[in-house]
Participant: 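I am attaching a structure below and will ask some questions about it afterwards.
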Amino acid sequence: MSASLQQLQPLTRRRFLQVSGVAAAGLMAAACGGGGEAPAAPAEQATATTAPTAAPIQVAQDTPTPVAPVSSQYHEAPMLAELVAQGALPPVDERLPKNPKVLQPYHSVGVYGGTWRRGFRGASDRFGVHTTVADHLLEIYQQEGGDVTLIPNVAESYEVNDDATEFVWHLREGHKWSDGVEMSSENAVWWYENVFLNDDLAPNRRYDNVRQQEFLTGIEAVGPWSFKCTYSVPNPTLPLGVVRGEAWGVIGGLNFMVPHHYLQDFHPNFADVAELDAVIAEKQVNSWAELWVGGPIGMFFFNPELPIVGPWPMKTTVPADLVIQERNPYYFQVDVEGNQLPYIDQISHLFFEDQETFNLRLIAGEVDCQYRHVQISDYPLLKENEARGGYRVLQWRADGNSGYAVNSTPRNDDGAVDEAQSAIVSQPDFRRALSVAINRDEINELVYNGLSIARQAAPIPGSPVWKQAYEEAWAQYDPDQANELLDGLGLTERDSSGFRQRPDGQTLVLRLDVDAAPGSAADDQNQLIKQYWEAVGVRVTINAMERTLRETVQFSDRFSVVGAGIGNTALPLAFDGWHGGAPGGWGRYARTYQTNNLDPLGVAPPEGDPIYDMQALIDQAYQTIDLDQAHETLKEALDIYYDQCYNIGVVGAGVVPVVVSNRMKNVPDGNIQANALMQINNGQPAQFFIDGE
């Protein structure tokens, strides 16, 4: 069933229970994969559309459960069969869980073998690798370009009580980590007691961007393969929140679970002190916690020995120009004919430093499947070279916008808030002035070849919280109004170069902290943004950094302005990164002041500031059982959000080009690109296969 964007039905509680498979008593009995006949291969398209043509989320019915028609034995990749014959690996039946997840391939049952070739930008580019192995308790399955369903994944099922304060998760009996050790409920209990409650690993009981864990008060085992999570407040959106997460590098990992049989050797409560100190010295970090949080032990990207559940653990890793992932012999999914997935043996990631180098590889057909770092500005170039390069350009759909966030409380390098700067940039009229100073149509034409949409950083059409007014809020190009707003803030004095001065006589300077690759569309956009803002008297310096450094600056609130587009608007209550309020200390304070876990970087906004009402409405939405009402409440918060212009959008809600080599099969067309859907993982990469080396 497919629908236009405007026909999208909102995700109501009733339909949420349908799609989750939660019966009236709370027991989940949902499907395990895509159903129906495999769709035909998508027709080639000569030009990109300027907007999505199908609903970003449609959850009106469950997906039928595929059944693997096997008798007594599953099938496996030849490379694993050789290891079994050598006695180096157990038979496939013993490696799979008792009830493996059955995945319906998009187009056809695949063949084993081959290497999926990608490009990456080094150690900071972990997310592109992570999305090839992102398996969580639940996940989103999207029919090609159409319906979206929430389905069991690592969890075989779950139960939830009436007020959504208790969730019981049932794992698949016999499911094993990638090193062959069986997964159990103790993985979750250990995580709660030794990671979540550890102040060095999860300060203030807060991690990642999964707000649904803030009120977690306990995890207990209710059997060898089941565990219960208890919350102090209703948490009805938790099933949406668990479709996203980091792979050990940000504490939370696989939704409450870590392979503690491995990690306990690096935890002071369990490890030999001398041995742990030796590892700290060897890895050149300052503390045991730094081994974990994005570190050389806890981040799968840096540690091939770390057990995971995804289809391709790391075989070699950074620092290197070429890093390799290799198939997981204990991967828990099979196709409809009982073939253990994944089909592909390896994934290789070849380093590139600049966009031109990567583009040359793309048009030479040296990349098998990728949209990360593929620029919409290069769409004509990529289309022109399809036949010569032996690839096709598919069109996925953006779930958000590019944009910028101005820190309301910028900090100096010593950690102190720059009060003089904060007094200016925290004013809504300052953000509004920057927004209307941007010529979005010009950026769309010059940078994106007219293939995106000039708009505010707003929900995409079809989202249950979409409003036309959000797309248009402070998004008109009006430099005269920008100047009037800035003058109205008292910024009328200019320096010798014509830039506006602060009341203390210093030139007002915004530092744009970015990690865009040289020559990329984002880099071109940043240069234009600098021109627009300087045209209304606000001086801008572009501070280009490697991503890890930029994140350090941003997460310590020392940034001035940062690239901060929004995403995940099709599932607006899955991940609150885009509607979390003002960037910087004000937002941190408003999000946490009513809890027992006040953010240490929080700065109290002025009494009566609308951010308080907005945050209260956001919190209310997340705790509302009826999802229809939750979305209505969230829209009340977004009315404030867009009036205050907390995020300055540029373009979005358009085409996401995906370059796919002709030898790569089963890659869907028209799917959603979103962090909440784990980007390329929304195409189920375990069922990709290579045909025709």
Side-chain angles (χ1 to χ4, degrees), residues 5-6 8-13 16 55-57 209 211-212 236-237 240-241 398-406 408 426 428-429 431-432 434-436 440 453-476 564-584 586-591 594 605 608-624 626-653 672 674-676:
L5 287 171
Q6 302 302 332
L8 174 63
Q9 301 177 37
L11 182 59
T12 64
R13 174 165 173 78
F16 180 49
I57 177 168
N209 291 295
R211 66 169 290 126
Q212 286 91 345
T237 63
L240 292 175
D399 186 31
N401 278 66
S402 67
Y404 299 88
V406 180
S408 55
S426 62
D429 274 354
R431 298 187 296 269
R432 292 162 180 161
L434 295 185
S435 187
V436 299
R440 292 168 174 80
I453 300 172
R455 66 200 300 272
Q456 187 53 272
I460 59 174
S463 167
V465 295
W466 176 85
K467 282 187 181 181
Q468 184 71 36
Y470 297 159
E471 291 191 2
E472 298 172 350
W474 305 104
Q476 74 278 13
I566 67 163
N568 312 313
T569 66
L571 292 173
L573 292 171
F575 171 58
D576 75 345
W578 65 278
H579 55 68
W586 282 15
R588 290 176 181 271
Y589 182 88
R591 286 190 289 272
Q594 291 182 312
D609 192 275
I611 192 173
Y612 290 106
D613 289 339
M614 181 185 71
Q615 193 60 52
L617 288 164
I618 292 172
D619 292 341
Q620 180 183 337
Y622 274 92
Q623 295 173 25
T624 300
D626 184 285
L627 288 182
D628 270 344
Q629 183 56 54
H631 288 137
E632 290 303 310
T633 301
L634 184 56
K635 281 193 280 189
E636 292 181 50
L638 295 180
D639 289 344
I640 301 172
Y641 181 85
Y642 288 105
D643 174 67
Q644 294 290 299
C645 201
Y646 284 127
N647 199 296
I648 300 172
V650 181
V651 298
I672 306 167
N675 282 352

Participant: The criterion is side-chain hydrogen bond (donor to acceptor under 3.5 Å, both in side chains); which residues satisfy it with Ser435, sequence neighbours excluded?
Facilitator: Arg440, Gln456
Participant: Yes or no on side-chain contact (heavy atoms from CB on, under 4.5 Å) for Trp474 and Ile648, after CA distance, side-chain angles and deciding distance?
Facilitator: CA-CA 9 Å; Trp474 305 104; Ile648 300 172; over 6 Å; no
Participant: Sub-3.5 Å donor-acceptor pair from the side chain of Asp399 to the main-chain atoms of Asn568, do we have one?
Facilitator: yes
Participant: Quick one: CD on Glu471 to CD1 on Ile460, what's the gap to the nearest 0.5 Å?
Facilitator: 10.0 Å
Participant: Would you please say whether a donor-acceptor pair under 3.5 Å links the side chains of Tyr470 and Asp639?
Facilitator: yes
Participant: Rounded to the nearest 0.5 Å, what separates atom CG in Leu634 from atom CD1 in Ile618?
Facilitator: 6.5 Å
Participant: Is any side-chain heavy atom of Leu638 closer than 4.5 Å to a side-chain heavy atom of Leu617?
Facilitator: no
Participant: Can you tell me how far apart CG (Leu627) and OG1 (Thr237) are? Round to the nearest 0.5 Å.
Facilitator: 8.0 Å
Participant: Might you point out which heavy atoms bring Ala637 and Met614 nearest each other, and give the distance in Å?
Facilitator: O-CG, 3.5 Å
Participant: Where the side chain of Arg455 meets the backbone of Glu472, is there a donor-acceptor pair that is under 3.5 Å apart?
Facilitator: no
Participant: Please enumerate all residues that pass side chain to side chain contact (heavy atoms under 4.5 Å, CB included) together with Ala473, with sequence neighbours excluded.
Facilitator: Tyr642
Participant: Could you tell me whether a side-chain N or O of Thr624 sits under 3.5 Å from a main-chain N or O of Asp626, the two making a donor and an acceptor?
Facilitator: no
Participant: Check salt bridge (Lys or Arg N to Asp or Glu O under 4.0 Å) between Asp429 and all other residues, then give those that pass, not counting sequence neighbours.
Facilitator: Arg432
Participant: Using every non-hydrogen atom in the two residues, find where Tyr622 and Pro572 come nearest and quote the distance to one decimal.
Facilitator: OH-O, 3.8 Å
Participant: Indicate the atoms forming the closest heavy-atom contact of Pro583 with Ser408, along with that distance.
Facilitator: O-OG, 2.8 Å
Participant: Do Ile611 and Tyr589 pass the side-chain contact (heavy atoms from CB on, under 4.5 Å) test, and can you show the C-alpha distance, the side-chain angles, and the key distance before you say yes or no?
Facilitator: CA-CA 10 Å; Ile611 192 173; Tyr589 182 88; over 6 Å; no
Participant: Which heavy atom of Ala458 sits nearest to which heavy atom of Asn401, and what is that distance?
Facilitator: O-OD1, 3.7 Å
Participant: Is the backbone of Thr569 close enough, under 3.5 Å, to the side chain of Ser463 for a donor and an acceptor to pair up by distance?
Facilitator: yes
Participant: Can you tell me how far apart CZ (Arg591) and CH2 (Trp586) are? Round to the nearest 0.5 Å.
Facilitator: 13.5 Å
Participant: Could you give the distance from CD (Glu636) to CD (Gln620), rounded to the nearest 0.5 Å?
Facilitator: 7.0 Å
